[in-house]
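A short worksheet on the structure shown next.
Every chain is numbered from 1, with letters handed out A, B, ... down the list of sequences.
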Amino acid sequence: MNSQGIGRAALVAGVATGVLSALPLLGLVNCLCCAWAIGGGILASYLYVKASPWAVTLGRGLVLGLATGAIAAAVDTAFSIPIHFALAGLGVGAPEEMSGLLRRFPDVPAEYAEQLRALLAGGAGISVLLLLAAGLVKLVVYALACMLGGAVGVAIFEKRPPGAGPVPDARCGSPGAPPPVPPESAGP
Amino acid sequence: MQEIRQHDLARARRLAGVACALLFLAAPAAPYLAAHGQSWAAVLLYAAFAPWCHQLPDRSFAWLGHPWAVCHRCAGIYGGLAAGVLLPRALLGRLLAVRARRAWALGAAVPLLFDSLLPAAGLWHNTAASRCASGALAGIMLGSVLVAGLAQLPAQLRRAGVLRRRSFRGDGS
């Protein structure tokens with residue numbers, strides 16, 4: 001597998017997805033069916049298909065999406081920590097969101113809800129731990145969404161049949177030169 | 001579509017089918033738990049889906065007096081995902097043939113995009129049925145590419161030397 005090409009495409013798309021998802025208002029786009037994450041997978045596929053001399057399969061699109069999602073989750077988590085502390089001062093952080101959610105359940109005892117709110121609003125160490133735990137959930141969700149996006153991107157952008165290699169350029173290629181060996185993309 | 005072994009397709013279907021079914025069932029599980037006094041479990045489920053769905057109660061199915069953990073459109077997508085991984089092999093092959101898959105991917109996503117974006121322009125008024133149906137169509141497409149990609153992975157990994165080459169009895173290849 002062309003891991004270098006996958007790494008480059010996944011890095012570019014993963015960083016873009018992570019940054020966009022971590023930003024306070026732009027991150028809400030993920031509420032529309034993980035749109036940034038699926039879009040990140042599609043972007044990674046576009047970059048990879050464009051650079052690959054060999055036909056890219058749907059399976060490789062999944063692997064590409066997996067790598068993109070992992071990078072996006074790491075970048076999102078890294079950006080979320082300073083953004084969380086910046087927003088906490090404005091009173092629009094995770095404790096307020098959880099309070100709003102708990103208000104929908106009148107049978108949750110008020111003291112429990114208050115304890116949870118106090119925990120979320122607690123010290124910096126607890127906040128960072130909770131953000132890292134949220135990062136693990138993001139790792140799973142982004143990986144899945146980017147895998148779907150990666151496979152969809154291959155379906156959209158890859159027009160070559162499975163196993164197809166680069167088209168020989170009559171102007172540049174020497175007629176006697178043997179064709180390059182495909183990495184492993186040829187179909188069975 | 002690249003040739004896929006029957007054995008690899010069956011295994012991909014099992015894996016993706018179980019995962020997608022669990023994802024879909026988690027949405028109505030939240031109101032069920034809430035109605036049966038398991039509020040903390042319900043809160044956890046609602047919180048788990050909150051970053052990925054707006055969860056507006058008037059745009060979500062309700063059960064036992066509580067909204068599902070996801071909106072109509074996301075419920076359609078998750079249900080479609082579970083259905084998409086179960087598409088018959090022949091239909092999967094036709095939809096994901098190189099000449100057809102682009103039209104399938106874009107065509108299945110267009111109703112969802114129109115149903116989401118046209119109301120903002122005042123050109124269309126979406127309903128619970130249109131949100132759910134357009135999500136389900138996109139979900140079926142996503143499920144089909146997911147299961148086809150998963151089924152191709154073992155052959156690619158075997159060629160790359162990550163998986164040991166094995167011959168499967170009765171896999172039809």
Side-chain angles (χ1 to χ4, degrees), chain A residues 1 3 21 27-28 30-35 37-38 42 55 57-63 65 94 97-98 100-102 104-109 112-113 116 134 137-138 141-142 144-145 147-164 182-188, chain B residues 1-5 19 23 34 37 39-40 42-43 46-48 50-55 57 66-67 70-71 73-74 77 81 95-99 101-102 104-106 108-109 112 116 135 138-139 141-146 148-162 173:
Chain A
M1 202 170 276
S3 56
S21 301
L28 291 177
N30 266 337
C31 288
L32 304 171
C33 318
C34 291
I38 292 181
I42 293 175
T57 61
L58 294 172
R60 191 167 298 182
L62 288 181
V63 174
E97 283 180 20
M98 186 54 80
L101 186 59
L102 287 173
R104 288 161 53 179
F105 297 93
D107 55 326
V108 173
Y112 289 171
L116 183 63
V137 177
K138 285 176 185 171
V141 174
Y142 284 5
L144 290 174
M147 281 170 74
L148 290 173
V152 170
V154 170
I156 292 173
F157 297 117
E158 182 55 84
K159 298 170 189 167
R160 297 165 290 186
E184 83 294 344
S185 62
Chain B
M1 186 173 66
Q2 190 178 8
E3 281 300 314
I4 293 173
R5 291 179 177 197
L23 188 66
S39 293
W40 282 112
V43 166
Y46 282 113
W52 332 113
C53 177
H54 55 70
Q55 297 180 323
H66 295 271
V70 294
C71 66
R73 187 168 287 121
C74 288
I77 290 175
L81 265 172
L95 291 172
L96 297 177
V98 172
R99 278 179 292 181
R101 64 190 185 188
R102 186 178 205 197
W104 168 230
L106 293 174
L112 183 144
S116 308
M141 180 271 290
L142 290 171
S144 69
V145 294
L146 174 68
L150 281 176
Q152 288 174 354
L153 270 182
Q156 292 187 348
L157 294 175
R158 274 192 290 273
R159 274 195 293 273
V162 179
S173 62

Sort out for me which of V154(A), V141(A), V137(A) touches chain B most, counting heavy-atom pairs under 4.5 Å.
-> V141(A)

Here the pair of heavy atoms bringing L148(A) nearest to L142(B) is CD2-O, 3.8 Å

When rounded to the nearest 0.5 angstrom, what is the spacing between CZ in R102(B) and NZ in K159(A)?
-> 4.0 Å

Closest heavy-atom contact between G59(A) and L153(B)?
-> O-CD2, 3.5 Å

Exactly one candidate in L58(A), V152(A), I156(A) meets side-chain contact (heavy atoms from CB on, under 4.5 Å) with R101(B); the answer is L58(A)

Measuring heavy-atom distances to chain A, does L81(B) have an atom under 4.5 Å in its side chain, in its backbone, in both, or in neither?
-> side chain

Top contributor to chain A contacts, counting heavy-atom pairs under 4.5 Å, from A151(B), P51(B), C74(B) = P51(B)

Top of E158(A), K138(A), M147(A) for chain B proximity - count of heavy-atom pairs under 4.5 angstrom = E158(A)

Which distance, rounded to the nearest 0.5 Å, do you find between the CD1 of I77(B) and the CD1 of I38(A)?
-> 7.0 Å

When rounded to the nearest 0.5 Å, the distance separating CG of L146(B) from CG of L144(A) is 8.5 Å

